[in-house]
Amino acid sequence: MAPLTRSRAAEGGVPTPLMAEYYAQRVSAGLIIAEATQICAEGQGYEGTPGIYTGPQIAGWELLTHAVHTCGGRIFLQLWHVGRISHTSLQPGGRAPVAPSALRAKAQTFIGGRYVDVSEPRALEGNEIPEIVEAYVLATRNALWAGFDGVEVHAANGYLIDQFLRDGSNMRTDEYGGSIENRARFLAEIVQGVIAEAGEDRVGVRIAPVSAVNDAHDSQPEKLFTHVVEVLDRLKPAYLHVIEGQTEGPRDFDPSFDFAALRKQFHGTYIANNGYTVELAAESIAAGTADLVAFGRPFIANPDLVERFRAHAPLGSTDATTLYGGGAKGYTDYPALSDTRCHVTSGIA
Ligand code: 8OZ
């Protein structure tokens, strides 16, 4: 199950028993990658997203991972810093969001149930960068403490790491900007630090080489991501998770990009994602163009997606009005075909 932002955390970015129930309903996925979760206060860009840097947040996650494990599941946490995809009203002290360079993204975020333009960011000082790398390491320690089986570094979708990678958002003249090697340094330092904390087999990395979401763009994406995957292959995370098209959009967003070549470059597990049908997933695994396929959006309305695939049963459709924020409606109330799911609420509510 791919990470899905649902914006239902409580005040202070604290995960709730309702979130535990939602994930416990979906344990038949095999491996769940939990929603993008900010590693520090500055890393938040949307209302209602959870964090993994305070005591109450860790306690909330602990209850959630316990529910998932009790029901027989496995769960990684996706570590997130939004960088410039934020708004002053979500930032500590109402300050500007941080980014590699002071370039405002042509993108929106949601606050108070409405979409608003993101704020103008300020460029990070060189000495602040190691502090953010350290925040990823501490977040990893917190995630393992809270019982997660591992962590996924979110390097996709135009957020902070992706902002460093791409020349459309990184104008730095220090060792974190300019050449492709320099732009990939931030990601490399984070993955190295996170692996040192958790071990190779408990770390994954997600990238979105052709996605233009959140104003992500690069003049040479193929060259950039060839280097990125070369670096990652050396660092040996357990898996590389690749959005092979436009995020939340078409698979064939950039048909010229050679994902098969990227897959061959990486010797660990390759998880393919974006717009797969069960048939295409089976074909890709048989052909060796993927080791695993992650499904995201179909899991929203189909907690028993795997069983439905197996039974060739029709899939339930998603209510677009309850995707972000709110409570149980459109979150934990989607039915399974047969009620064989693990019920955990009474024990933990
Ligand atoms: C949808 C809404 C808000 C954030 C991503 C974390 O695209 C997200 C996200 C998705 O990676």
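Ligands are counted one by one from 1 in listed order, and the atoms in each one are counted from 1 as well. We count residues from 1, following the sequence as given.
A side chain to side chain contact (heavy atoms under 4.5 Å, CB included) with His66 holds for exactly one of Leu64, Val68, Thr70; it is Thr70.
Ring geometry for Trp80 versus Tyr159: interplanar angle over 60°, hence perpendicular rather than tilted (30 to 60°).
Every residue two or more places apart in sequence or in another chain that forms a salt bridge (charged side-chain N to carboxylate O under 4.0 Å, His left out) with Arg308 is listed here: Asp304.
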List, one per line, each side-chain donor-acceptor pair under 3.5 Å for residues 254-263, sequence neighbours excluded.
unit_1, atom_1, unit_2, atom_2, d
Asp254, OD1, Ser256, N, 3.2
Asp254, OD1, Ser256, OG, 2.6
Asp258, OD1, Ala260, N, 3.3
Asp258, OD1, Ala261, N, 3.1
Arg263, NE, Gly288, O, 2.7
Arg263, NH2, Asp291, OD1, 2.8
Arg263, NH2, Asp291, OD2, 3.0

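Between Glu200 and Lys236 there is no salt bridge, since no side-chain N of the basic residue sits under 4.0 Å from a carboxylate O of the acidic one.
Here ring-ring contact (aromatic ring centres under 6.0 Å, His included) pairs that include residues 10-35, with residues two or more places apart or in two chains, are Tyr22-Tyr331.
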Give every pair made of an N or O atom of ligand 1 and a protein N or O atom lying under 3.5 Å apart, one pair per line with both atom names and the distance to 0.1 Å, or write 'none'.
unit_1, atom_1, unit_2, atom_2, d
ligand 1, 7 (O), Asn157, ND2, 3.0
ligand 1, 11 (O), His154, NE2, 2.7
ligand 1, 11 (O), Asn157, ND2, 2.7

